[in-house]
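Shown next, in structure tokens, is the structure this report addresses.
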There are 2 protein chains.
Amino acid sequence: MRALVVEDDRRIASDLERALSSAGFRVERIEDGETAWFRGGTESYDLIVLDLGLPRLDGLTVLKRWRAEGCESPVLILTARGAWTERVEGIDAGADDYLPKPFRMEELIARARALVRRSGGRATSIQQVGDLLVDLNRMSVAVSGVPVSVTPLEYRLLSYLTLHRDRTVSPSELLEHLYGDDDARDANALEAVIARLRRKVGPGVIQTRRGFGYDLGVAG
Amino acid sequence: MRALVVEDDRRIASDLERALSSAGFRVERIEDGETAWFRGGTESYDLIVLDLGLPRLDGLTVLKRWRAEGCESPVLILTARGAWTERVEGIDAGADDYLPKPFRMEELIARARALVRRSGGRATSIQQVGDLLVDLNRMSVAVSGVPVSVTPLEYRLLSYLTLHRDRTVSPSELLEHLYGDDDARDANALEAVIARLRRKVGPGVIQTRRGFGYDLGVAG
DNA sequence: CGGAAAATGTCAGCGGATTGTCAGCGACAT
DNA sequence: ATGTCGCTGACAATCCGCTGACATTTTCCG
């Protein structure tokens, strides 16, 4: 599941990225209209979240050009609260759904899933890596078919590794993901979480790359 | 493209008819709930615009009955401006979109088009999850066949969980659903409702996932 | 209206789950 | 060997959700 987020407000973009990636999307971020136009026309995404107020090239224009070029990815547009004209224009321009700002992340996720499902994309919120199974919808975990109960922190760690299974994730990146920049923790806190997780999912699932970080066993 | 307009205010109904026909719909008009129920259940439309304040039979009831009978036409409901409860109930009852009055015709048309474009699957009115049975029509609840009397708030909580049985619902999302953003409540209010509900439906129906939220026992 | 009954919100406190910290240990590389 | 990195178990503090009692609001009905 690839998602493209086109949003110039860093803060919102970050929230979106976090929410979408923990919902199982691999997220790419773009901050201005021209780049968005290029990327959306070239690559193929399972979902595009498009803010209408963009620098360099207006979101509506971008959307129209995409559609003109035959881009069929489902597009969810973000509009300002009272701006009903935007909504109308957006839908006429080929948007599949819209969400007025400010919005609740859960609602965005729900709509995103609905869009993906509707567009025929396999809305697989279930991630499988080796014997490990992570259901991003239920927020549940199983190993070799046996359900395992994990705590919120453990779940976040595990889903993050799952979504980045193709590489080794550094401890600092994990720390940043689990806690904010704000209340940073000791590296040992992370190790404690890993240890507890390993006790639950069994050894061999989370592998340590000494000096580099952690990954799931599949790595090459 | 057949559209059904259910609206008792002649003035509004005329406007709707004019706008919809110039958007390419063949429009039929109905002014009271009972007739609407009959027609919607019998005929098949590409779009239904439904006012909630109707003579003889309330719009919400009509909608629920349609859905109960298997009518799957996309329904756009018209609600009074501030009435968020109507909005919520409407969507719970199976509406596909809503528009608060007063509205611009352009927006209605845009939404109508969007709805028609994506005529997809929809929910039925009797929901069963494990031993729990929630009838969205009659707004009644039963556990293992035994009817349980629940209060309005409890019902809304339960039906929300039922409609989102495929995932774990966070407390904040539940709070937002039960109360608006406007008059927010303490998280403890929610816990109180849950506690009282559990006393009625028995333990094990609503499960707590500490740190995540609540779901119905069907977990995977 | 007005009072009773039902529904709901609030509070304080409990109990347990979760998680950070620490100290010590093992293992790996040079 | 030895210093560094990562692991582990124990412990403590914190957080989260539950409960029962009580206060407040809403609803119902005469």
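Each chain gets a letter, A, B and so on, in the order its sequence line appears, and its residues count up from 1.
Checked by distance alone, B/Asp186 brings no side-chain donor or acceptor within 3.5 Å of a matching partner on the base of C/dC11. One cannot find a donor-acceptor pair under 3.5 Å joining the base of D/dG17 and the side-chain atoms of B/Arg209. Judged by distance alone, with hydrogens and angles left aside, A/Arg199 brings no side-chain donor or acceptor close enough to the base of D/dG9 to form a pair under 3.5 Å.
The 5' end of DNA chain C is approached more closely, in terms of each residue's nearest nucleotide, by B/Asn188 than by the other of A/Asn188 and B/Asn188. Projected onto DNA chain D by closest heavy-atom contact, A/Pro171 and B/Phe212 fall at different nucleotides, the more 5' of which corresponds to A/Pro171. Residue whose closest nucleotide on DNA chain C sits further toward the 5' end, between B/Arg210 and A/Ala184: B/Arg210.
Geometric assessment of B/Arg209 against the ring of B/Phe212 yields a positive cation-pi assignment under the 6.0 Å and 45° thresholds.
Neither OP1 nor OP2 of C/dG9 sits under 4.0 Å from any side-chain N or O of B/Arg196. Between B/Tyr179 and the phosphate of C/dG9, there is a side-chain N or O to OP1/OP2 separation shorter than 4.0 Å. Dashed line: the shortest gap from a side-chain N or O of B/Thr208 to OP1 or OP2 of D/dC18 is under 4.0 Å.
For B/Thr151, taking side-chain heavy atoms from C-beta onward, the closest of the listed nucleotides C/dT10, C/dT8, C/dT19 is C/dT8. Side-chain atoms of A/Leu153 lie closest to C/dG20 of the nucleotides D/dT19, C/dT8, C/dG20.
Counting only distance, with no hydrogens or angles, the side chain of B/Glu154 and the backbone of B/Thr151 share a donor-acceptor pair below 3.5 Å. Using a distance-only test at 3.5 Å, with no hydrogens or angles considered, no donor-acceptor pair links the side chain of A/Arg185 to the main chain of A/Leu190. In this structure a side-chain-to-backbone donor-acceptor pair under 3.5 Å is missing from A/Arg196 to A/Val150.
Residue contacts shown for A/Tyr155 are absent, as no nucleic acid heavy atom lies under 4.0 Å away.
Between A/Arg156 atom CZ and C/dG20 atom P the separation is 10 Å, expressed in whole Å. When rounded to the nearest whole Å, the span between CZ of B/Arg185 and C1' of D/dG17 equals 20 Å. In this entry the distance linking CG of B/Leu190 with P of D/dT19 reads 13 Å, nearest Å. The distance from atom CD of B/Glu191 to atom P of C/dT10 is 12 Å, rounded to the nearest whole Å. Residue A/Asp183 contributes atom CG, which lies 15 Å from atom C1' of C/dT21 at whole-angstrom precision. Between A/Ile194 atom CD1 and D/dG9 atom C1' there is a gap of 17 Å when expressed in whole angstrom units. With rounding to whole Å, B/Leu174 atom CG is found 16 Å from D/dC16 atom P. Remark: C1' of C/dT19 and CG of A/Leu197 are 13 Å apart, rounded to the nearest angstrom.
For the atom pair A/Leu133 CG and A/Leu158 CG, the distance stands at 10.5 Å (nearest 0.5 Å).
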